[in-house]
Novice: 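Sharing a structure with you now.
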Amino acid sequence: MRFVLISIFIISFTWLGSSLSASESIDEASSLHQVTKQTRPKIGLVLSGGGARGAAHIGVLKALEENRIPVDVIVGTSMGSIVGGLYAAGVSPEELEYIVENTDWDAALSPSPRRDLLSYRRKSDDRKYLLGFEMGIKDSKVRLPQGLISGNKLSFILRSEVLRADNVGHFDNLAIPFRAVTTNIESGGMVVIEDGDLSTALRASMAVPGAFTPVNRDGDLLVDGGLVSNLPVEIAQRLGVDHVIAVNIGSEIYSLEKLGSIVGLTVQTVNVLIQQNIDRSIAALEPGDVLIKPELGDFASTNFAEASSLIPIGYAATTESLNRLLDYQIDEQSYAEWLTTQRRSFISIPDIDGIEIKGNDRVSSAQIKARMQLKDTGFLNFTQLENDLENIYAIDEFESVDFEVIEKGEQSTLVIKVKEKPWGPNYFRFGLKVEDDFEGGNRNNLIANHRWTQVNKLGAEWSNEISIGSDRFLTTEFYQPINYLGNQFIAPRLSLSEENIDFFANEKRITEYTLRRADLAVDYGYYLRADTQLRVGVHYDRVDGEPRIGDASVIPKVNLNQAGVHFNIVRDSLDDPYFAKDGFLGQFKYRSELEGLGSDVEYDSASLALTKVWTTSKHTYNVGFELGSSLSGDIPAYDEFFLGGFGRLSGLQRRELRGDRIALARFMYSRPIEIAVPGSLGLSLETGNAWEDGQGFDLGELRYSGSLFWGFDTPLGAVMLAYGYADQGSRAFHLILGQPFEN
């Protein structure tokens, strides 16, 4: 879905781009690096934008090198700027190809920190709330993110690769003089970046509005240069080149029969507007210039995972133009000298003499440094630096996290540059949970969550949550870390809730019970690792319950106090909260109600739930186990363990089986559909049962069930439609939006 959203934003900015002014503010007086007089013509290489299609540029560079055709100036837009800028900094085509093939593009284009780096606290949020979209209130105004994707991973790649050309000042001093074309989103004017920080220039040139966050450079908010010039031929000409080699990787204009749906028409609109932009530049080509247009068909600009397949196409398109390009070929010795210059490295990777944090206001430097393993002095280990930056970003308070190395005399300082989310520190997220069994057991909740973060230097957080619908609750918790690393905390919590609980007999829903609770708890917590949280605490609950509909004799009215201690340990390493392909989810709970602490009932209970998910090729497997048992005393009916519902004996209604003890084993299999219908198809096999007190775990009474299901992702969250069948002829349908209800 991420790529669908990116595509929508690309459509939006392209449409806006057609109305923006193409006024050009170019310093034509900027001088190129002085070269000795030569007889060959000066060649300018112009590389267009096109997202993932830009991988074809690497094939072009390979063919030019193979045929000894040097370039003297490079001008690029968007992805063309990235490929051209890296090449101008001395990166070889082979290195560029390696980057394309080995980058984790899902991580590089993710709108949030990698889930495996998030603390369990943040992971529990994304399991509760369906919408990943986050908004904030600051200065009494609603604030929204400026883009879906921060591009931190991509920025790190760019920064690391151009470090060899760091501190060059003017881009004329690169191995090949270079220009990056961007758009000032405030004025609509063209900004051609010719000096300063090279990685920032590249990042700005490809900042698709709405998809990527804009780049602030000297007070100008810069976005993708494709808005004003996707094939900047004119810029190269103004830099004094004799001839231009222009590479156009723009999308094709569809024929009438391919338009079909509204999607086709929308894509066609984008293609037409881009083509108009490019046509103006092509018209500026002069005799002797060469236009190369690789045949990329309808390859999607968002398909980075398969982008490397375009490199041979770019190579072939350049080879087909050799009859014109060979006019610029030079002899082997001259080209070897040129290539040596292009591959030059301007600086060696230095040892660092210190680490400095810049850009942080709300988040203390001590919190940031606590998440770094890199030493203040010594060798700059890029692998460790990348891990440290990801861990800092996982604090989830930053729009971007970047670095630079500043050299002053013989001292080198590693500067960690962070940009805090401008819509913080008060964040809001919303969610929707729906379940329907088509038998009258429908439930729906609208959920809102507020977080006030960085309340103090240790990173305290005040969290509030409200739900309206079938289950109504209000929860407030103050989460106070007791060290800068945040791996220990104290958390007092107050929760008010009202829920309706169904009771069954002989597969019939016979009673609906209303349960109201006021819970007060104080926990001490410890992170055994980032994905594993342990909590131990004391609690006091006021419980009021009464039958609402049906047989009032099934469960009596209650009005009592519960007080005691609890223990909970959870590990969540799933790679996705809903449609995980890899990882582990495990939870152990222990709860003891003690008369000595003022409880009207006394009992102990414990439960263990384990799920392991893995994927081989396109086949995803899910194995789960669950046990729950009373350890002493009688568990009140409203607190009993239960089974029934999707994945928990799918052929039964939710909570159809209940008791003091439960056991469950589950196996699931799914794979993508890979046709016009979205999502995955799968099946489940389950066995288990619930037993009353005194029965023990009688495995001879196990129930058996299975299901067929279809799941897919939507802007509102995960949707699951399942048909379950159980022994004794039980059948059930399940429609779920978001996570299944816990009760």
Side-chain angles (χ1 to χ4, degrees), residues 1 112 115 120-135 427-451 463-477 495-502 509 512-517 519 548 570 572 574 576-580 585 587 609 611 622 624 626 638 642-650 652-656 668 678-680 684 707 709-724 732-743:
M1 184 179 71
S112 58
R115 195 172 190 272
Y120 173 76
R121 183 171 181 81
R122 292 285 78 84
K123 289 179 179 179
S124 66
D125 287 345
D126 67 27
R127 292 185 65 83
K128 293 177 184 176
Y129 315 118
L130 307 184
L131 302 181
F133 183 76
E134 181 182 74
M135 58 179 287
Y427 303 103
F428 293 85
R429 291 179 66 181
F430 301 90
L432 181 66
K433 295 174 68 172
V434 175
E435 263 193 61
D436 197 336
D437 59 11
F438 305 101
E439 296 285 344
N442 61 307
R443 294 162 69 89
N444 54 80
N445 273 15
L446 178 64
I447 305 170
N449 173 266
H450 161 255
R451 290 187 299 126
S463 177
N464 301 284
E465 183 175 295
I466 186 170
S467 173
I468 57 175
S470 302
D471 295 342
R472 296 158 292 283
F473 62 81
L474 173 65
T475 300
T476 183
E477 180 182 75
S495 178
L496 306 174
S497 64
E498 180 180 279
E499 59 179 320
N500 297 318
I501 303 174
D502 293 327
R509 186 179 287 106
E512 185 177 281
Y513 193 79
T514 298
L515 185 69
R516 302 178 184 89
R517 304 182 76 136
D519 303 336
R548 178 172 175 266
V570 188
D572 181 357
L574 297 178
D576 186 90
Y578 304 116
F579 297 113
L585 178 63
Q587 179 166 307
T611 298
N622 179 316
E626 186 174 344
Y638 54 79
F642 69 90
L643 289 175
F646 176 66
R648 308 182 78 241
L649 298 183
S650 300
L652 306 180
Q653 304 299 321
R654 188 175 58 84
R655 295 192 73 138
E656 187 171 329
M668 288 185 172
S680 299
S684 70
S707 72
F709 60 85
W710 170 36
F712 57 97
D713 207 358
T714 76
L716 292 179
V719 174
M720 190 74 68
L721 182 63
Y723 168 76
F733 285 94
H734 307 281
L735 173 63
I736 302 170
L737 174 61
Q739 288 289 91
F741 282 77
E742 296 179 357
N743 298 303

Novice: Quick one: list whatever passes side-chain contact (heavy atoms from CB on, under 4.5 Å) with Asn500, sequence neighbours left out.
Specialist: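 Asn500 satisfies side-chain contact (heavy atoms from CB on, under 4.5 Å) with Arg472, Glu512, Thr514, Arg548 once adjacent residues are dropped.
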
Novice: With sequence neighbours excluded, what pairs up with Phe579 under the ring pair (Phe, Tyr, Trp, His ring centres under 6.0 Å) test?
Specialist: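 Scan of Phe579 (ring pair (Phe, Tyr, Trp, His ring centres under 6.0 Å), adjacent residues dropped) gives none.
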
Novice: Take His734 and Ser707 through the test side-chain contact (heavy atoms from CB on, under 4.5 Å) and record every step on the way to the result.
Specialist: CA-CA 10 Å; His734 307 281; Ser707 72; over 6 Å; no

Novice: Should the pair Asp502-Arg655 be classified as a salt bridge under the 4.0 Å nitrogen-to-oxygen rule?
Specialist: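 Salt bridge: no.
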
Novice: Can you check side-chain contact (heavy atoms from CB on, under 4.5 Å) on Leu432 and Val434, steps first, answer last?
Specialist: CA-CA 7 Å; Leu432 181 66; Val434 175; 4.0 Å; yes

Novice: Please enumerate all residues that pass side-chain contact (heavy atoms from CB on, under 4.5 Å) together with Asn622, with sequence neighbours excluded.
Specialist: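 Testing Asn622 for side-chain contact (heavy atoms from CB on, under 4.5 Å), a comparison that skips the adjacent residues, returns Thr611, Val613, Arg666, Met668.
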
Novice: Look up atom OG in Ser467 and atom CG in Asn449, then write down how far apart they are to the nearest 0.5 Å.
Specialist: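 It comes to 11.5 Å.
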
Novice: Using the salt bridge (Lys or Arg N to Asp or Glu O under 4.0 Å) rule, take Glu498 and Arg516 through it: C-alpha gap first, then chi angles, then the decisive distance, then the call.
Specialist: CA-CA 4 Å; Glu498 180 180 279; Arg516 302 178 184 89; 2.7 Å; yes

Novice: Considering residues at least two apart in sequence or located in another chain, which fulfil the side-chain contact (heavy atoms from CB on, under 4.5 Å) criterion with Leu474?
Specialist: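 Testing Leu474 for side-chain contact (heavy atoms from CB on, under 4.5 Å), a comparison that skips the adjacent residues, returns Ile466.
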
Novice: Do you know the tightest heavy-atom contact between Ser470 and Asn445?
Specialist: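 Minimum heavy-atom separation between Ser470 and Asn445: N-OD1, 3.0 Å.
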
Novice: Can you name the residues that form a ring pair (Phe, Tyr, Trp, His ring centres under 6.0 Å) with Phe712, not counting sequence neighbours?
Specialist: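 Residues passing ring pair (Phe, Tyr, Trp, His ring centres under 6.0 Å) with Phe712: Trp710.
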
Novice: Give the ring-plane orientation class for Phe646 versus Phe709, where under 30° counts as parallel, over 60° as perpendicular and anything between as tilted.
Specialist: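 Rings of Phe646 and Phe709: perpendicular, as their planes differ by over 60°.
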
Novice: Measuring from Asp572:CG to Leu585:CG, what's the distance to the nearest 0.5 Å?
Specialist: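 Between atom CG of Asp572 and atom CG of Leu585 there are 5.0 Å.
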
Novice: Looking only at heavy atoms, which two atoms of Gly711 and Met720 are closest? And how far apart?
Specialist: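 Scanning both residues completely, I find the closest heavy atoms to be CA-SD, 3.8 Å.
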
Novice: If you compare all heavy atoms of Arg121 against all heavy atoms of Ser463, which two are closest, and at what distance to 0.1 Å?
Specialist: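 So the minimum-distance heavy-atom pair works out to NH2-CB, 3.8 Å.
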
Novice: Under the side-chain contact (heavy atoms from CB on, under 4.5 Å) criterion, do Phe430 and Met135 qualify, and how do the steps go?
Specialist: CA-CA 9 Å; Phe430 301 90; Met135 58 179 287; 3.8 Å; yes

Novice: In Å and rounded to the nearest 0.5 Å, what is the CG to CG distance from Leu643 to Leu649?
Specialist: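 Going from the CG atom of Leu643 to the CG atom of Leu649 covers 5.0 Å.
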
Novice: Are any of the side-chain heavy atoms of Glu656 and Asp437 separated by less than 4.5 Å?
Specialist: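 A side-chain contact under 4.5 Å is absent here.
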
Novice: Could you go through Leu574 and Arg115, starting from their C-alpha distance and side-chain angles, then the distance that decides it, and tell me whether this counts as side-chain contact (heavy atoms from CB on, under 4.5 Å)?
Specialist: CA-CA 8 Å; Leu574 297 178; Arg115 195 172 190 272; 3.8 Å; yes

Novice: Which distance, rounded to the nearest 0.5 Å, do you find between the NZ of Lys433 and the CD1 of Ile447?
Specialist: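 Between atom NZ of Lys433 and atom CD1 of Ile447 there are 5.0 Å.
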
Novice: Taking all non-hydrogen atoms of both residues, which atom of Thr475 and which atom of Ser495 are closest, and how far apart?
Specialist: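 Minimum heavy-atom contact is OG1-OG, 3.1 Å.
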
Novice: How long is the span from the CD atom in Glu499 to the CZ atom in Phe473, to the nearest 0.5 Å?
Specialist: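 That separation rounds to 10.0 Å.
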
Novice: How close do Leu446 and Gly431 get, counting heavy atoms only, and between which atoms?
Specialist: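 That would be CD1-O, 3.4 Å.
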
Novice: With the side chain counted from C-beta on, respond yes when Asp713 and Tyr578 share a heavy-atom pair under 4.5 Å apart, and no when they do not.
Specialist: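 Asp713 vs Tyr578: side chains apart.
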
Novice: For Glu626, what residues pass the salt bridge (Lys or Arg N to Asp or Glu O under 4.0 Å) criterion, not counting sequence neighbours?
Specialist: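 By the salt bridge (Lys or Arg N to Asp or Glu O under 4.0 Å) rule, Glu626 matches Arg648.
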
Novice: Atom CG of Asn444 and atom CG of Leu737: how far apart are they, to the nearest 0.5 Å?
Specialist: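 Output value for this atom pair is 10.0 Å.
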
Novice: Can you say whether the rings of Tyr723 and Phe733 are parallel (under 30°), tilted (30 to 60°) or perpendicular (over 60°)?
Specialist: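 Tyr723 and Phe733: tilted rings.
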
